[in-house]
Novice: 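Could you have a look at this structure, given as structure tokens, before my questions?
In this text, all values refer to a predicted model and were calculated from it rather than measured experimentally.
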Amino acid sequence: MSAVLITTLKNHSIYLLSEGTFTCVYTKKSIEYRASKELDIALLPEIQALSDPQFPDCRDSKSATKECTITCSFRKSTENYNDSWASDGNSYIKEKKPPETNGNILSYKAVVTINCKEEKVNVSCTFTNNRSKSNKSRTQNVEIPIIKLDSKICQKNDPWPIAKSNYTAKLPCAGSAVGLRTRACIDEKWKNEVSSCVNQDLHDIQKDVQELNKGIGFIKDNAKEIFERIKESTTIKTFNSFANINTSISILEVMNNVSQRQKNLWNDEVIPDFVNTASNVLNDTKSWENPENDDTNLSIKYLHTIEGMVNNTNLTSNDPHKYDNVELKLCNDNCNAFNASVTTDNGVIVVGFRNLHQILPQPKLAGKNAISETTILSVTTVNNTNGTKSIQMYFDYSQTRLPNHEMYCVFWDEHVNNWSDTGCKWGGVTNPEICKCDHNSAFTILMSKDEEILPYMDELTYVGLGISIISLVLCLIIEILVWDAVVKSDISNFRHVAVFNIALCMLFAHCAFLVSAEPKKIIPQWCSILTVVKHFFFLAVFFWMLCLSFVILHQIIFVFDHLRKRVFWGLSITLGYVCPILCVAITFITFNNGEADQYYSKKTCWLVYKGTLKGSIYAFILPVGTIVFINLFTLAVVIMKIATPTVSEAKARDEKDVAKSMIKTIVFLSPVLGITWIFGFFMISLDLTLKPWAQVVNYTFTVLNSLQGFFILLTNCIGEKKVRDALVKRFKGSKQSAHSKVKAQPKRHLLL
């Protein structure tokens, strides 16, 4: 029999055999000096003990005693054991039965008489190996709780027997599996079953690996066979259980520890079976759930074990090892693993895990709420050398990124047993699939569960809308008060009609917006109605802006061809109200007659966005975008007209006057032509993760458009001289009239 290396001290080596020769080797240069001695090891059994019944029921017994059968079992071996039995003072051994054989299991039984007056009794079986000079025996104790008249119990629940409360029932494993099935009875209620049953072949492998761990055998001589056996054992139908997975990972962990201790490196010969095994244990992620608690320590142990074994490899072949759940590749430039890839200028070993993200702990990043849902990549330098550690990875998962959701490039930090983003950087909106890290580890990319939120955005919106609503009401009142004084021509009539309708429609739209500010407090029917109202009135605002734009264009282009009032009214009514009605009606019918989450969202009480050119929101964006573009063209024409005055006007004005006129035109026309909504289209195109530009655009759009009613009041009412004069004249006339009446009253009093 070959010897096994236990330890090495400089050039001294000590070897041990389970049964054979104990050899000491002294090496000097090429000469070896050996000393040997025969050694025989006496083994002791691993005992599994159960009582039948487990919980003797003394409630209805007329006798003061009960009989119970104790079974102590272990695997057959070439050793011969003497059995002995003992009990406490509350019971006694009535009868010992001859051993029974069931397959490779040897069972010893004894009948015990117990005292029903006791709460519990203890019986033990002891097996002695007389070949051993020391440590001759091993004992297994069996505790037998007794059910009495006042005992609290869990009722029988096949195959589980009646059990005494706050104790645990035990059953042997089915078939040839090794271990026990247990189920606790706590406060008269059954808890979930916990199984430690391990398939026989896995148990045998574990025993062999434990022998290697004790120093009995060379890992390099046994690795190929063990990896083949564990690969086969992980493919059978009965494998998928927590106990089997735990045992498999423990086997790999111990093998790697032994390999490192014996200075052995895993080579190309064993890697295929190793990767196949690592893949097989990930076939059923539900089996990783610990039946006793919710911890995820087994998944962490798995990752550490696989990475430890990869660090202990000496690969020479570039052939990829690809299986259902794990891929291992030796890379010198670029390589793929499932839906991810790695680019490097240095030799690395890349391991891709397909299902591991489901069982590892979910990320707990400070101030970030993210979730792992894609491939995990483990990157290790070849032969664990100190090379370039920077790494660039590509994750296809980023293609599913939701708008305005941050992505986080993270690695598994073994010091805190959690994900960390230290030293890793996401490529951003422009390169969302890229992760760059300055170290090697296990990596993945996470997507934030929550959309990026701009602080105080709601407060700014509500305050701005409140100011706008008050301003629009004032604007409408002023228009009514000064109408007769300022509307003296068709052109002024057209402009004030457009401004009045813009203010009126905007007032209704803003009011509807505020009413639907908290969709959760609104019943679905009202949410649908408010969506229709907002859709119609916001469109009406822009179509009336378009009417005003056409009036301005007509006035500039056709200077001597005045627009007739009948044409204006026909055009304005059609554009201002008919077109929005048709647009809303067609959209409502098209999206399943206004169905929730089709036409409108119950979360926002507004139109639905489902992607580029998808969703009812485009029944608002497209017409509004077209109108803003036309109005922008109108504003450009007006500015060009100011910038290129006639010959007679050019002599009378200097460049400063032209610049002032242009600025004044932009300030006065932008609110009533909706030019500020250009920021809205930039806002749609800019992802909130594109900082700080997205934040600047969003805040600008919110402030300008929530205060649009206020700007209309300033520019088209208070800012217009004719309106101010008419308003002042009207109030002065009212004061003079009131003053004359006050003076006349004493006279009438005197006449009386």
Side-chain angles (χ1 to χ4, degrees), residues 403-405 428-430 451-469 471-472 499 502-503 505-507 509-510 512-514 517 534-535 537-546 548-549 552 604 606-607 609 612-613 615 617-639 662-716 719:
N404 304 322
H405 284 250
V429 179
T430 53
E451 187 176 358
E452 285 287 303
I453 297 176
L454 300 178
Y456 306 112
M457 186 64 75
D458 290 342
E459 290 81 356
L460 285 173
T461 301
Y462 298 146
V463 171
L465 288 178
I467 295 172
S468 276
I469 289 172
S471 301
L472 291 169
V499 171
I502 289 170
C505 293
M506 190 175 291
L507 176 63
H510 284 177
F513 188 93
L514 284 181
K534 288 188 289 184
H535 191 190
F537 280 111
F538 273 121
L539 283 179
V541 168
F542 282 96
F543 277 106
W544 274 106
M545 289 177 177
L546 184 62
L548 181 60
S549 178
I552 295 171
T604 60
W606 183 231
L607 304 175
Y609 172 81
T612 305
L613 296 178
I617 189 67
Y618 286 96
F620 177 76
I621 292 175
L622 294 178
V624 168
T626 304
I627 292 170
V628 170
F629 178 79
I630 294 172
N631 292 354
L632 189 61
F633 171 76
T634 300
L635 182 62
V637 170
V638 174
I639 293 173
M662 291 170 63
I663 294 173
K664 184 178 179 181
T665 300
I666 293 173
V667 170
F668 274 68
L669 288 182
S670 290
V672 290
L673 293 182
I675 303 302
T676 55
W677 279 73
I678 289 176
F679 288 99
F681 296 104
F682 283 118
M683 186 180 72
I684 294 174
S685 61
L686 288 177
D687 197 281
L688 288 179
T689 58
L690 189 63
K691 302 173 182 179
W693 301 111
Q695 282 68 21
V696 172
V697 170
N698 273 267
Y699 281 116
T700 302
F701 173 77
T702 299
V703 171
L704 291 179
N705 289 279
S706 64
L707 292 173
Q708 191 172 6
F710 175 69
F711 295 139
I712 290 175
L713 173 66
L714 291 180
T715 57
N716 288 270

Novice: Go through it in stages, so that I can follow the logic: the residues are Ile469 and Leu514, the test is side-chain contact (heavy atoms from CB on, under 4.5 Å), and I'd like the CA-CA distance, side-chain angles, deciding distance and then a yes or no.
Specialist: CA-CA 10 Å; Ile469 289 172; Leu514 284 181; 3.4 Å; yes
Novice: Begin with the C-alpha distance, continue with both residues' side-chain angles, and end with the deciding distance and a verdict on side-chain contact (heavy atoms from CB on, under 4.5 Å) for Ile675 and Leu669.
Specialist: CA-CA 8 Å; Ile675 303 302; Leu669 288 182; over 6 Å; no
Novice: Measuring only between side-chain heavy atoms, which start at C-beta, is Leu539 closer than 4.5 Å to Pro623?
Specialist: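 Of all side-chain heavy-atom pairs linking Pro623 with Leu539, at least one is under 4.5 Å.
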Novice: If you look only at distance, which donor and acceptor atoms sit under 3.5 Å apart when one is on a side chain in residues 626-636 and the other is two or more places apart or in another chain?
Specialist:
unit_1, atom_1, unit_2, atom_2, d
Thr626, OG1, Leu622, O, 2.8
Asn631, OD1, Ser549, OG, 3.2
Asn631, ND2, Leu673, O, 2.8
Thr634, OG1, Ser549, OG, 2.4
Thr634, OG1, Ile630, O, 3.2

Novice: Taking Ser468 for its side chain and Ser706 for its backbone only, find out whether a donor-acceptor pair lies under 3.5 Å.
Specialist: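 Checking the backbone N and O of Ser706 against the side chain of Ser468, a donor-acceptor pair under 3.5 Å is found.
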Novice: Working to the nearest 0.5 angstrom, can you tell me the gap between Asn698 CG and Met457 CE?
Specialist: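 One finds 5.0 Å between CG of Asn698 and CE of Met457.
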Novice: Would you check if Tyr609 and Tyr618 make a side-chain contact, meaning some heavy-atom pair closer than 4.5 Å?
Specialist: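 They are in contact (side-chain heavy atoms under 4.5 Å apart), so the answer is yes.
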Novice: Rounded to the nearest 0.5 Å, how far does CD1 of Ile663 lie from CD1 of Ile639?
Specialist: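 The distance works out to 10.0 Å.
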Novice: Among pairs that include at least one residue of residues 663-681, which meet side chain to side chain donor-acceptor pair (under 3.5 Å), considering only residues two or more places apart or in two chains?
Specialist: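 Passing the test, one end in residues 663-681: Thr676-Asn705, Trp677-Asn705, Trp677-Gln708.
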Novice: Kindly indicate whether the side chain of Phe681, heavy atoms from C-beta on, has any atom under 4.5 Å from the side chain of Val624.
Specialist: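 Touching, per the 4.5 Å side-chain cut-off.
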Novice: To the nearest 0.5 Å, tell me how far Leu460 CG sits from Leu465 CG.
Specialist: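 Leu460 atom CG to Leu465 atom CG measures 10.5 Å (nearest 0.5 Å).
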Novice: Grab the two heavy atoms, one from Phe711 and one from Leu704, that are nearest each other, plus how far apart they are.
Specialist: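 Nearest pair, atom of Phe711 first, then Leu704: CE1-O, 3.6 Å.
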Novice: Measuring from Leu507:CG to Ile712:CD1, what's the distance to the nearest 0.5 Å?
Specialist: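 Spacing of CG (Leu507) from CD1 (Ile712) equals 11.0 Å.
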Novice: Are the side chains of Met506 and Phe538 in contact, using a 4.5 Å heavy-atom criterion?
Specialist: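 They are not in side-chain contact.
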Novice: Return each pair, listed once, that meets salt bridge (charged side-chain N to carboxylate O under 4.0 Å, His left out) where at least one residue sits in residues 704-713; pairs must be two or more places apart or across chains.
Specialist: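 Every candidate salt bridge (charged side-chain N to carboxylate O under 4.0 Å, His left out) pair involving residues 704-713 fails, so no pair, neighbours aside, qualifies.
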Novice: Could you work out, with side-chain hydrogen bond (donor to acceptor under 3.5 Å, both in side chains) as the rule, every residue matching Thr702, not counting sequence neighbours?
Specialist: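 Checked Thr702 against side-chain hydrogen bond (donor to acceptor under 3.5 Å, both in side chains); zero matches.
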Novice: I'd like to check the side-chain hydrogen bond (donor to acceptor under 3.5 Å, both in side chains) partners of His510; sequence neighbours left out, ordered by chain and number.
Specialist: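 In terms of side-chain hydrogen bond (donor to acceptor under 3.5 Å, both in side chains), with neighbours along the sequence ignored, His510 is linked to no residue.
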Novice: May I have the step-by-step check of ring pair (Phe, Tyr, Trp, His ring centres under 6.0 Å) for Phe513 and Trp606, ending in yes or no?
Specialist: CA-CA 9 Å; Phe513 188 93; Trp606 183 231; 8.0 Å; no
Novice: Applying ring-ring contact (aromatic ring centres under 6.0 Å, His included), name anything that partners Phe668, two or more places apart in sequence or on another chain.
Specialist: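 Residues passing ring-ring contact (aromatic ring centres under 6.0 Å, His included) with Phe668: none at all.
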Novice: For the residue pair Val667 and Thr715, what are the closest heavy atoms and their distance?
Specialist: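 Taking every non-hydrogen atom into account, O-CG2, 3.5 Å.
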Novice: Rounded at 0.5 Å granularity, tell me how far CH2 in Trp544 sits from CD1 in Ile502.
Specialist: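 If I round to the nearest 0.5 Å, the distance is 8.5 Å.
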Novice: Considering non-hydrogen atoms only, spot the tightest contact between Tyr699 and Pro455 and give its length.
Specialist: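 Answer, listing the atom of Tyr699 first, then Pro455: OH-O, 2.6 Å.
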Novice: About how many Å separate SG of Cys505 and CZ of Phe537, when rounded to the nearest 0.5 Å?
Specialist: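 Reported value, rounded in 0.5 Å steps: 6.0 Å.
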